[in-house]
Amino acid sequence: MTIHRADLLLPGAGRAPVPGGAVLVDGRSIEAVGPYEELAAARPAARVRRWPGVLTPGLRNPYGPELLEQAYHPDPREADELGTEPLTGAALAALEMTEGRWGASARRGVRRMLAHGTVAVAGRLRRETVADAVARSGLGVDERFEDPQGPPALDPLAGGRPVEEAFVLPPLDFDGRQADFAVFDVPGLSADGDPYAALVRAGAASCVATVLDGRLVHRRA
């Protein structure tokens with residue numbers, strides 16, 4: 001059992017921010033959400049992880065197929081030749097892509113998504129190797145009923161989308177909710193201001209940690 005504590009907790013779905021808030025995780029589920037002191041008093045034997053910044057529901061990236069099936073994420077060993085950013089268009093067409101290479105690219109793409117606080121992607125995945133890589137990672141896959149606006153981006157907060165729409169549902173305090181959430185290091189964070197606007201300004205690249213299905217799957221060095 002672990003208590004994840006942060007400077008500010010945003011439960012999501014319009015819930016009020018909780019300064020010094022925390023999430024109590026039991027296995028794969030969230031057992032309780034609220035002020036850290038209350039959770040620690042109720043579970044004094046629980047392990048405590050203290051995070052800087054704001055703890056929120058994990059993010060949903062709307063560009064699942066575009067980032068994982070229509071872009072190639074280079075291997076670090078290919079950086080001198082291909083760079084480090086995802087390749088699309090003519091650069092992608094110039095590569096000799098096999099199903100095995102698509103699967104490896106998807107695994108690297110998933111790791112980059114996790115480093116941006118992403119816990120789910122939207123859009124149907126048609127390549128078996130890509131869908132397998134996503135399933136093995138634990139990322140959720142949601143239906144997409146319309147194409148998202150703007151160019152694909154690893155940052156689900158990019159492009160001017162309302163930050164509330166980037167969060168996965170239900171909120172963190174929903175009964176029996178799976179333990180998926182993220183922590184972002186947001187400069188100038190204040191419960192008296194607009195924490196959502198501050199989060200958008202910081203961007204998802206400010207992600208400190210991502211917890212997926214109760215497991216710490218990303219922690220910034």
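Since we're looking at a predicted model, the values are computed, not measured.
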Problem - Carboxylate-amine/guanidinium contact Asp213 Arg215, below 4.0 Å - result: no
Completion exercise
ring pair (Phe, Tyr, Trp, His ring centres under 6.0 Å) filter on Phe181, not counting sequence neighbours, yields His4
Handout entry: Check: Thr2 side chain, Arg47 main-chain N or O, donor-acceptor pair, under 3.5 Å
Key = no
Handout entry: Side-chain (Asp155) to main-chain (Ala204) donor-acceptor, under 3.5 angstrom
Key = yes
Handout entry: Arg177 side chain to Pro170 backbone, donor-acceptor under 3.5 Å
Key = yes
Handout entry: pair Pro156-Arg60: side-chain heavy atoms closer than 4.5 Å
Key = no
Exercise for the section: Report yes or no: does Asp26 contribute a side-chain atom to a donor-acceptor pair with the main-chain N or O of Ser29 at less than 3.5 Å? Expected result: no
Practice task
Give a yes or no on whether the backbone of Leu114 and the side-chain of Thr210 come within a donor-acceptor separation of less than 3.5 Å.
Solution key: yes
Handout entry: Working for side-chain contact (heavy atoms from CB on, under 4.5 Å), residues Leu59 and Leu157
Key = CA-CA 8 Å; Leu59 302 178; Leu157 300 174; 4.1 Å; yes
Problem - Intermediate values then yes/no, side-chain contact (heavy atoms from CB on, under 4.5 Å), Val217 and Val211 - result: CA-CA 6 Å; Val217 293; Val211 173; over 6 Å; no
Handout entry: salt_bridge(Arg126, Glu69) N-O dist < 4.0 Å
Key = no
Handout entry: Electrostatic pair Arg127-Asp132, nearest N-O below 4.0 angstrom
Key = no
Can you give the donor-acceptor pairs under 3.5 Å from side chains of residues 7-16 to other protein atoms, not counting sequence neighbours?
residue, atom, partner, partner atom, Å
Asp7, OD2, Gly53, N, 2.8
Arg15, NE, Asp173, OD1, 3.4
Arg15, NE, Asp173, OD2, 3.2
Arg15, NH2, Asp173, OD1, 3.4

Handout entry: Pair Arg144 + Glu66, salt bridge at N-O below 4.0 Å
Key = yes
Exercise for the section: With sequence neighbours left out, write down each residue that passes side chain to side chain donor-acceptor pair (under 3.5 Å) with Arg101, or none if nothing qualifies. Expected result: Tyr72, Glu78
Exercise for the section: State whether the side chain of Asn61 and the backbone N or O of Ala153 hold a donor-acceptor pair below 3.5 Å, judged by distance alone. Expected result: yes
